[in-house]
Amino acid sequence: MTGDELVDRYARLRRAAAALLEVTAAAEVSVVHQDKLDRLAAALAESGSSSATAREVVDPSLHLLCSRDYQSGTPDGALRPFAGEARRVREDFALDDATEDPQGEWPDVWDPTLTEVQAMVVGTLLRELAARLVATGDSGGRELAVVVGEVADEVLAPTFVGAQR
């Protein structure tokens, strides 16, 4: 890519950002989005100033994108690596198993179950997640994929799909 092409791309990006700000000026926007729009307007007003804040780049093949650890003391929360999440899930399952009431304590009607179709959908989604975690190539991703696969097998076990295995 030549320098002129890059300059042209930046110019088109600036025009698109300015058009977005113009369109949303009269619209009712949530507080969270308004803050982002205000920052976009400030960035456009700086017109190329080098004082732009550097954003943290999160590698989706190494970390969860859906949550952060806010108990770590990091202002924006610490990233959650796949291996750490796998350990946390295993610990939660072990704690659940240890505190679970003995069989027969609850009436049979209380047994919270998914319908067979719901269980097959959830199990399929969990298997998809496991496959995507393995595809990251990260050892933590593979470790979390094993945990997710175990949960998928447990969800699918009482279904028609689980009975075929």
Side-chain angles (χ1 to χ4, degrees), residues 13 16-17 19-41 43 53-165:
L13 180 62
L20 173 73
L21 291 172
E22 185 179 322
V23 168
T24 58
E28 187 175 315
V29 181
S30 73
V31 176
V32 174
H33 293 117
Q34 187 59 53
D35 181 48
K36 292 176 183 177
L37 290 170
D38 291 343
R39 285 188 279 163
L40 178 61
T53 58
R55 291 188 303 166
E56 177 183 28
V57 178
V58 179
D59 187 353
S61 65
L62 300 174
H63 301 96
L64 291 177
L65 298 178
C66 62
S67 68
R68 290 177 175 254
D69 179 10
Y70 293 100
Q71 296 176 344
S72 64
T74 308
D76 291 332
L79 296 173
R80 289 185 187 265
F82 290 142
E85 189 65 12
R87 272 191 303 280
R88 189 190 66 74
V89 170
R90 285 188 192 278
E91 289 168 2
D92 286 351
F93 285 165
L95 184 62
D96 282 350
D97 289 344
T99 59
E100 196 169 284
D101 292 316
Q103 291 290 342
E105 286 260 330
W106 295 95
D108 291 332
V109 229
W110 182 83
D111 190 17
T113 57
L114 296 171
T115 66
E116 189 165 9
V117 172
Q118 289 170 330
M120 287 189 291
V121 168
V122 169
T124 302
L125 290 171
L126 287 170
R127 284 186 176 166
E128 169 82 13
L129 175 60
R132 288 174 182 261
L133 287 167
V134 168
T136 65
D138 178 51
S139 62
R142 285 189 297 276
E143 186 178 341
L144 186 54
V146 169
V147 174
V148 170
E150 290 170 1
V151 173
D153 290 344
E154 192 172 321
V155 168
L156 289 170
T159 68
F160 170 75
V161 174
Q164 290 184 358
R165 297 184 98 204

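Position 1 is the first residue of the sequence; numbering continues from there.
- Qualifying side chain to side chain contact (heavy atoms under 4.5 Å, CB included) partners for Arg39, counting only residues two or more places apart in sequence or in other chains: Asp35, Lys36.
- Legend: residues meeting side chain to side chain contact (heavy atoms under 4.5 Å, CB included) with Val155, ordered by chain and number and at least two apart, are Leu114, Ala119, Val122, Leu126, Val151.
- In this structure, the side-chain hydrogen bond (donor to acceptor under 3.5 Å, both in side chains) partners of Thr74, at least two apart in sequence or on a different chain, are Ser72.
- For Glu154, there are no side-chain hydrogen bond (donor to acceptor under 3.5 Å, both in side chains) partners at least two apart in sequence or on another chain.
- When the salt bridge (charged side-chain N to carboxylate O under 4.0 Å, His left out) test is applied to Glu116, no partner is found at least two apart in sequence or on another chain.
- Here Gln34 pairs with Val29, Leu37, Asp38 under the side chain to side chain contact (heavy atoms under 4.5 Å, CB included) rule; sequence neighbours left out.
- Applying the side chain to side chain contact (heavy atoms under 4.5 Å, CB included) test to Ala131 and every residue at least two apart in sequence or in another chain returns nothing.
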Show every donor-acceptor pair shorter than 3.5 Å between a side-chain atom in residues 139-149 and any protein atom, with sequence neighbours excluded, or say none if there are none.
{"residue": "Arg142", "atom": "NH1", "partner": "Gly137", "partner atom": "O", "Å": "3.0"}

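- Contact detail for Ala152 and Arg127: the closest heavy-atom pair is CB-CG, 4.0 Å.
- Separation of atoms CG (Leu21) and CG (Leu40) is listed at 4.5 Å; rounding is to 0.5 Å.
- How far CG of Leu156 is from CE of Met120: 8.5 Å, rounded to the nearest 0.5 Å.
- Counting heavy atoms from C-beta outward, Gln118 and Thr115 have side chains that approach closer than 4.5 Å.
- Residue pairs meeting the salt bridge (charged side-chain N to carboxylate O under 4.0 Å, His left out) criterion with at least one partner in residues 78-88, sequence neighbours excluded, are Arg80-Glu85, Glu85-Arg88, Arg88-Asp92.
- Residues Leu62 and Thr136 are not in side-chain contact: their nearest non-hydrogen atoms beyond the backbone lie 4.5 Å or more apart.
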